[in-house]
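Worksheet: one structure, shown below.
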Amino acid sequence: MELSKIKKQLEELNIKVYYGSAEKESKDLNEYIVFGRDKIQLNNSKMSTTDYYEVVIISENWIAEGFIDEVIKTLKKIGLNQATNDVDFTYTVKNDSSYEIASIKFFDTVGRAKWQ
């Protein structure tokens, strides 16, 4: 899956999207998404790989009801599947405000191993 395709699809949710890290850019934002690669797994047949991605939603106070479902649905449109049914949450404080952080894992199976 092309990273630019993932970014473009997430941007359709009308939210700022960053790849890898958003440390500098995000200091004044209340809500944004950071995504990146998680791992590439060579499948048992050695004829394909499974590429894993992580999408992290960061929102001041809490993530809006239904937004996580919107992210999942929008990435399914381009062929990414949710890797597990789990969505992991963490919390932090930034600029004297509380933030909720949700992490969702996705995968895409790619035919013919890239390394052959």
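The residues of the chain are indexed from 1 along the displayed sequence.
Put simply, Val56 and Phe67 are part of two different groups of oily side chains (I, L, V, M, F, W, Y) that touch within less than 4.5 Å, one to the next. Ile15 and Leu29 are members of different hydrophobic clusters when ILVMFWY side chains are connected at heavy-atom separations under 4.5 Å. Cluster membership check: Ile58 does not share its hydrophobic cluster with Val55, using side-chain heavy-atom separations under 4.5 Å among Ile, Leu, Val, Met, Phe, Trp and Tyr. Leu75 and Phe107 fall into different hydrophobic clusters, where Ile, Leu, Val, Met, Phe, Trp and Tyr side chains are chained together by heavy-atom contacts under 4.5 Å.
When side chains are defined from C-beta on, Leu10 does not count as touching Tyr19, because their heavy atoms never get closer than 4.5 Å.
Using the six-membered ring where Trp is involved, Tyr32 and Tyr18 have ring planes that are perpendicular, over 60° apart on the 30 and 60° scheme.
In summary, the side chains of Gln41 and Thr50 do not present any donor paired with an acceptor at a separation below 3.5 Å, with no hydrogens or angles considered. With 3.5 Å as the limit, one finds a donor-acceptor pair spanning the side chains of Asp51 and Thr49.
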Margin query: Walk me through whether Val71 and Phe35 qualify under side-chain contact (heavy atoms from CB on, under 4.5 Å).
Written below: CA-CA 12 Å; Val71 169; Phe35 77 99; over 6 Å; no

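The two residues Ile6 and Ile78 come nearest to each other via the heavy atoms CA-CD1, 3.9 Å. In this structure, Lys7 and Val17 approach most closely via the heavy-atom pair CE-O, 3.3 Å. Scanning all heavy atoms of the two residues, the minimum distance from Tyr99 to Asn30 falls at CE2-O, 3.7 Å. The two residues Ala102 and Phe89 make their nearest non-hydrogen contact at CB-CE2, 3.7 Å. Among all heavy-atom pairs drawn from Ser21 and Val34, the shortest one is N-CG1, 3.8 Å. Gly79 and Asp108 get closest at one heavy-atom pair: O-OD1, 3.9 Å.
Atoms CZ and OH, from Arg37 and Tyr53 in turn, are 7.0 Å apart once rounded to the nearest 0.5 Å. One distance of note links CD1 of Ile40 with OH of Tyr52; it measures 11.5 Å at 0.5 Å rounding. Atom CD1 of residue Ile63 and atom CD1 of residue Ile68 lie 4.5 Å apart, to the nearest 0.5 angstrom. For the atom pair CD (Glu31) and CH2 (Trp62), the distance works out to 12.0 Å, reported to the nearest 0.5 Å. Taking OG of Ser48 as the start and CG of Leu42 as the end, the distance is 7.5 Å to the nearest 0.5 Å.
Residues passing the side chain to side chain contact (heavy atoms under 4.5 Å, CB included) test with Lys73, sequence neighbours excluded: none.
Ion pairing between Lys8 and Glu12 fails under the 4.0 Å rule for side-chain N and carboxylate O.
Every pair passing salt bridge (Lys or Arg N to Asp or Glu O under 4.0 Å) that includes a residue from residues 97-107 is listed here, sequence neighbours excluded: Asp38-Lys105.
More than 12 heavy-atom neighbours from other residues, nucleotides or ligands sit within 6.0 angstrom of NZ on Lys94.
Between the side chain of Gln82 and the backbone N or O of Ile104 there is no donor-acceptor pair closer than 3.5 Å.
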